[in-house]
A.B. asks: 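Pasting in a structure now, in structure tokens, and then I'll have a few things to ask.
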Amino acid sequence: MHTNNKKETTHKKMELTKNFEHQSAEQKWYSHWMHKQYFKSIPDGREPYTIVMPPPNVTGVLHMGHCLNNTIQDILVRRARMTGKNACWVPGTDHASIATEAKVVAMLRERGITKSSLSRDEFLSYAWEWKEKYGGIILQQLKKLGCSLDWDRTSFTMDKGYYDSVIKIFVSLYNKGVIYRGKRMINWDVKALTALSDEEVIRKETRQKLYHLKYAIEGTNDFIIIATVRPETIMGDTAICVHPEDERYKHLHGKFAFVPLINRRIPIIADEYVTMDFGTGALKVTPAHDINDYTLGQKHHLEVVDVFNDNGTISEAAQIYVGMERFEVRKKIAIELEEKGILLKTEEYTSEVGYSERTDVVVEPRLSLQWWLSMKDISSPALKAVMEEEIKFYPSKFKNVYRHWMENIKDWCISRQLWWGHRIPAWFDINGKFVVAENEAAAIAQFEIEHGITNATLKQDEDCLDTWFSSWLWPFEVFKGYSQPKNEEIKYYYPTNTLVTAPEIIFFWVARMIMAGFEYMDAKPFQEVYFTGIVRDKQGRKMSKSLGNSPDLLNLIDQYGADATRFGIMIASPAGNDILFDESALEQGRNFNNKIWNALKLIKMWEGRQSKDDFNESSFAIDWFGNRLNEVSLEVEIMMQQFRLSEALKTVYSLIWDDFCSWYLEWIKPGFEQPINTSVYNKTIGYFSELMQLLHPFMPFVSEEIYHLLQETTEDLCVRQYKTAITPDKTILEKGLLLKNTISGLRDVRNKQQLKPKESIRLFIQTENKVVFQSIESILSKQINAILIDFTSENVANSFTTVIGKDKFYVVSEQPVDTANQKSDLEKELTHLKGFLISVEKKLNNEKFVQNAKPEVLALEQKKKADAETKIKVIEESLANLVN
RNA sequence: GGGAGCAUAGCUCAGCUGGUUUAGAGCAUCUGCCUUACAAGCAGAGGGUCCGCGGUUCGAACCCGUGUGCUCCCA
């Protein structure tokens with residue numbers, strides 16, 4: 001290895017490392033960008049481009065879903081920043097009431113403290129302490145990924161101002177009459193001791209047993225047999241129901257039966273709700289513990305017997321097994337029933353059971369007094385906006401999902417029996433009279449107005465609000481749009497541009513933000529919603545903590561680099577489709593970094609080796625690549641508008657690797673230790689810079705690093721503005737394609753002739769486009785190692801003949817010509833072309849085709865025919881010559 | 001039970017208004033190369049019943065129907 005040291009010293013230049021070293025580059029550039037305040041946005045004369053980040057749980061750590069989500073947002077934001085927009089990306093976290101409270105409770109338990117031993121204030125001070133200490137780690141992790149967020153705007157759903165806005169909105173909705181208290185069937189989490197919304201219940205296929213039980217019929221020795229998966233609830237039975245048309249049970253309508261073990265007398269009723277062919281066709285009705293039974297109970301005026309306590313143990317009302325845990329009772333009662341001959345049989349049965357999203361315990365349907373938000377009125381503008389595409393969904397298939405939910409919307413249970421969150425602003429006196437007001441003083445005053453009692457002693461509701469009741473304000477309250485109406489920022493940034501989120505929270509969050517936007521800002525919260533896919537592992541399983549199939553992201557970033565991680569996750573994620581995460585994609589990203597790095601090394605070698613010599617031989621390469629760059633820039637622009645990010649990245653990847661590295665650089669590359677023309681060199685630096693600019697939104701670190709190594713500059717790629725791409729020259733692009741095809745075809749000939757790279761050839765071209773080939777001749781000879789290229793009008797003896805497109809090439813070398821091989825190749829090609837010609841002719845001979853097809857289609861088919869005929873003729877001639 | 005979506009090369013996916021070649025890309029595979037930026041590389045190649053069946057059409061991977069398999073959402 002001998003390098004020219006003299007040049008190194010005269011040309012202030014660093015020794016470039018073997019491979020791209022991501023660690024140092026990432027650190028260096030992120031702090032540089034921060035220092036320059038490139039991510040900071042202040043309203044100005046430019047058009048804004050705003051994204052509010054879906055706030056992760058304050059206790060969260062970065063996982064694959066966040067990584068995908070935030071990479072997409074960063075790509076959009078960085079591109080906007082480079083196209084003249086004032087880009088503003090707002091970070092923040094969600095207080096995530098139930099998840100955080102569960103973590104705090106667990107932390108306290110480890111320290112030997114139970115929640116019940118603490119006052120509300122004591123508990124909350126522990127929770128805040130925890131939040132300050134561990135909260136927001138995820139935001140630091142996003143910096144590692146390169147996210148260009150405006151950190152000065154970091155918000156939290158329980159910030160003072162935000163908290164007050166949530167309370168004010170509760171009060172205003174209450175005063176409008178859409179918030180009410182009601183006893184309803186809710187989903188009860190027996191571990192967290194709180195109500196859950198329907199969306200917080202996860203249904204899972206669960207293997208259970210179906211128990212067949214005998215209920216004695218009053219005044220007879222007869223029995224009716226019911227099938228149930230929940231024998232522990234029989235003490236809550238208040239009826240037996242059969243289908244009115246069911247012949248087996250018609251004689252029992254209006255009779256009574258007895259609940260086993262406790263012998264409560266219950267009616268036998270008939271209702272079409274019952275499925276005749278499920279179980280025995282007879283259903284036990286337990287209105288307190290099943291939503292359908294509850295409805296049935298109301299219809300038939302049945303008694304409600306609640307046999308559970310809050311924590312899932314059996315209540316006094318059950319009479320037996322009092323205080324025991326529900327699943328324990330299921331086992332025990334089954335044994336007792338069997339011993340007493342009441343249990344006839346059990347069968348295996350699989351059905352869906354609801355589990356709490358947060359604590360993973362089986363959810364208990366339960367009657368409970370909760371706060372509700374009536375959804376009918378508030379949801380209709382939100383439905384309309386999406387249906388009429390005032391807000392656009394990408395991919396649009398989610399419109400259907402959205403419509404279905406919105407059209408069947410139910411009232412929202414907004415209270416949670418938790419302390420960590422926004423405390424419900426309702427005040428009660430000892431008699432249960434209450435008022436809703438922003439604070440205690442206002443409540444006392446209000447109490448006098450509503451109930452005529454002065455200076456009442458009031459106690460605030462213990463519960464807090466569902467987390468989503470605060471996050472639905474996110475797009476405007478991060479700009480204080482509600483607390484400081486019509487302020488400069490909200491006027492400038494709202495409505496925001498794009499929401500990037502997972503389809504699983506379309507109801508939790510997206511729909512409700514749209515409602516809140518119209519309700520409180522009188523305008524949609526965003527122009528468009530891009531739904532990402534769900535990240536799955538290689539086997540297609542959803543990534544989850546319990547499966548342990550979620551890789552450690554920080555590790556991956558460490559190992560492959562942030563750019564490679566971003567590449568790996570983006571390259572396989574078409575809009576709205578799930579993405580199968582495979583580490584080999586990150587490897588591909590790392591290799592790509594390295595490829596770019598090596599291109600830089602090659603060009604840097606030329607830096608000190610320039611000349612003013614004539615550069616005619618490179619002029620075609622320069623023309624061609626400039627046009628390719630324009631062509632791809634336009635393509636990428638369109639793809640970005642349609643959110644085809646994965647495709648856009650692929651296109652840029654291929655432009656850099658194939659067109660720039662494999663073709664362009666090889667075409668302009670001077671011979672060993674030969675100088676390069678200065679203007680070719682400068683053009684190349686310019687192209688490389690533009691390539692880095694195209695790549696920057698996807699892979700910000702490597703592109704910025706290379707950009708600065710290419711040339712001395714004070715400008716940063718991060719804020720460099722894209723220039724407008726011009727329409728490329730088609731003729732030049734076609735010529736480039738011809739050149740590429742010719743080179744590949746002739747390299748194939750060399751391979752087949754087993755020619756070593758160093759063995760040169762002589763090439764004779766038989767063509768009607770001599771002028772075209774002359775203009776690319778010098779590149780061609782370099783690429784196929786030809787010492788001579790000439791044109792001919794007839795067969796060349798002792799040559800290997802090949803046909804590429806419509807032209808014929810004779811390759812003369814030292815190697816003996818393998819005629820058989822050559823012949824079979826040509827014959828194969830001929831068969832293919834003849835088959836193709838037949839299919840084209842079939843169309844053209846079809847009168848109906850000629851009559852009905854559009855003129856341009858017809859012309860195309862005629863051209864296809866003519867081309868195929870020419871090619872066939874050329875191949876047939878070659879074959880004829882071979883025989884000789 | 002109701003609704004939505006998907007099925008194209010070994011894998012992951014493009015194929016946008018039915019006609020641009022008897023279907024394209026990346027990864028993987030095979031062959032040959034340690035060629036002077038890069039072996040994490042270069043050059044080249046092979047690989048398809050477009051899930052089955054039926055229909056509409058001059059023409060279907062694409063539209064319609066139906067069957068099968070898978071995924072998701074809701075009850």
Side-chain angles (χ1 to χ4, degrees), chain A residues 1 16 18-20 198-199 203 275 278 291-292 352 354 395 397-401 403-405 408 503-504 506-507 534 536 538 540 542 564 571-574 576-582 584-585 587-606 638 642 644 646-647 649-651 653-654 657-658 661-662 665-666 669-674 743-752 754-758 783-785 832-840 842-854 856-858 860-861 863-865 867-868 871:
Chain A
M1 219 37 209
L16 291 175
K18 184 170 188 296
N19 292 330
F20 172 61
D198 290 345
E199 289 75 21
R203 295 199 144 71
T275 315
F278 179 79
I291 178 72
N292 296 313
E352 297 214 311
K397 66 180 177 189
F398 289 110
K399 267 172 77 176
N400 286 334
V401 180
R403 185 179 63 200
H404 190 254
W405 191 74
N408 296 288
E504 43 205 9
I506 187 168
F507 311 132
I534 294 166
R536 298 172 180 281
K538 235 173 141 179
K542 202 165 158 177
I571 200 72
S573 65
N577 277 3
D578 288 356
I579 87 157
L580 295 190
F581 179 78
D582 186 349
S584 70
E587 220 170 286
Q588 198 188 338
R590 183 202 55 192
N591 295 352
F592 183 38
N593 273 341
N594 208 29
K595 183 73 188 177
I596 304 170
W597 188 251
N598 276 296
L600 173 75
K601 275 162 75 180
L602 175 66
I603 291 168
K604 277 302 182 186
M605 272 175 49
W606 302 337
I638 291 167
Q642 301 170 337
R644 286 150 60 197
S646 179
E647 251 181 285
L649 175 58
K650 267 181 208 164
T651 307
Y653 171 82
S654 158
W657 197 307
D658 302 328
C661 293
S662 297
L665 287 181
E666 294 297 332
K669 195 184 204 171
F672 185 51
E673 300 216 320
Q674 295 295 302
I743 293 169
S744 292
L746 292 169
R747 278 174 177 167
D748 188 30
V749 170
R750 295 184 56 109
N751 259 356
K752 283 182 180 136
Q754 299 190 311
L755 288 169
K756 293 255 158 56
K758 280 183 180 141
Q783 295 294 286
I784 58 166
N785 190 12
H832 177 263
L833 276 172
K834 281 188 169 163
F836 174 64
L837 183 62
I838 289 168
S839 81
V840 176
K842 233 198 249 165
K843 272 190 212 171
L844 287 169
N845 292 338
N846 183 331
E847 267 177 50
K848 284 187 177 169
F849 171 73
V850 179
Q851 279 165 17
N852 297 327
K854 280 178 275 182
E856 59 271 26
V857 173
L858 192 63
L860 187 75
E861 291 299 320
K863 184 172 182 299
K864 272 155 68 172
K865 183 181 176 210
D867 284 358
K871 287 178 191 175

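Every chain is numbered from 1 and lettered A, B, ... according to where its sequence line falls, protein lines coming before strand lines.
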A.B. asks: Taking the basic N atoms (NZ, or NE/NH1/NH2) and the acidic carboxylate oxygens, is any pair closer than 4.0 Å for A:D867 and A:K871?
C.D. replies: no

A.B. asks: For a quick test of reading the model: is some side-chain N or O of A:W657 closer than 4.0 Å to OP1 or OP2 of B:C42?
C.D. replies: yes

A.B. asks: Under 4.0 Å from OP1 or OP2 of B:U21: is there any side-chain N or O of A:S839 that close?
C.D. replies: no

A.B. asks: Within the structure shown, what part of the strands sits under 4.0 Å from A:K669 by heavy-atom distance: base, sugar-phosphate, or nothing?
C.D. replies: base

A.B. asks: Please indicate yes or no: is the ring centre of A:H404 less than 5.5 Å from the centre of the six-membered base ring of B:C73, with the two planes inclined by under 30 degrees?
C.D. replies: no

A.B. asks: So which nucleotide from B:A37, B:A43, B:C16 ends up closest to the side chain of A:S662?
C.D. replies: B:A43

A.B. asks: Counting only N and O atoms by type, is there a donor-acceptor contact under 3.5 Å from the side chain of A:K758 to the main-chain atoms of A:N785?
C.D. replies: no

A.B. asks: For the pair made of CD in A:E847 and P in B:C58, what is the distance, rounded to whole Å?
C.D. replies: 13 Å

A.B. asks: Watson-Crick or G-U wobble partner for B:A45, using a 3.5 Å limit on both distances?
C.D. replies: B:U29

A.B. asks: Nearest-nucleotide wise, let me know which of A:N400 and A:K758 is further upstream toward the 5' end of RNA chain B.
C.D. replies: A:N400

A.B. asks: Classify A:V857 by what it touches in the nucleic acid, base, sugar-phosphate, or nothing, heavy-atom distance under 4.0 Å.
C.D. replies: base

A.B. asks: State plainly whether the residues A:K650 and A:E647 are in salt-bridge range, i.e. N to O under 4.0 Å.
C.D. replies: no

A.B. asks: Answer yes or no: does a side-chain N or O of A:N846 lie under 4.0 Å from OP1 or OP2 of B:G59?
C.D. replies: no

A.B. asks: At less than 3.5 Å, do the side-chain atoms of A:R590 and the base atoms of B:A40 form a donor-acceptor pair?
C.D. replies: yes

A.B. asks: Just the rounded figure in Å: distance from P of B:C73 to CD1 of A:I506.
C.D. replies: 12 Å

A.B. asks: Between A:A853 and A:L837, just flag the one whose closest nucleotide in RNA chain B comes earlier from the 5' side.
C.D. replies: A:A853

A.B. asks: Is A:K595 close enough to B:C42 that one of its side-chain N or O atoms is under 4.0 Å from OP1 or OP2 there?
C.D. replies: yes

A.B. asks: Below 4.0 angstrom from OP1 or OP2 of B:U57, is there any side-chain N or O of A:K848?
C.D. replies: no

A.B. asks: Of the nucleotides B:A37, B:C42, B:U20, which one has an atom closest to the side chain of A:E861?
C.D. replies: B:U20

A.B. asks: Can you find a donor-acceptor pair, distance only, under 3.5 Å between A:E666 side chain and B:A37 base?
C.D. replies: yes

A.B. asks: Relative to the ring of A:Y653, is the ring of A:W657 parallel (under 30°), tilted (30 to 60°) or perpendicular (over 60°)?
C.D. replies: tilted

A.B. asks: Choose from B:C16, B:U20, B:C13 the nucleotide whose nearest atom is closest to any side-chain atom of A:R644.
C.D. replies: B:C16

A.B. asks: So what does A:N408 touch, heavy atoms closer than 4.0 Å: a base, only the sugar-phosphate, or nothing?
C.D. replies: nothing

A.B. asks: Regarding A:F592, tell me which of base, sugar-phosphate or nothing describes its non-hydrogen contacts under 4.0 Å with the strands shown.
C.D. replies: nothing

A.B. asks: Rounding to an integer number of Å, can you tell me how far A:R403 CZ sits from B:A4 P?
C.D. replies: 9 Å

A.B. asks: Across all strands shown, which nucleotide pairs with B:A7 by Watson-Crick or G-U wobble geometry, both distances under 3.5 Å?
C.D. replies: B:U68

A.B. asks: Would you check if the side chain of A:D748 reaches a backbone N or O of A:S744 as a donor-acceptor pair within less than 3.5 Å?
C.D. replies: no

A.B. asks: Are A:S744 and B:G44 close enough that a side-chain N or O sits under 4.0 Å from OP1 or OP2?
C.D. replies: yes

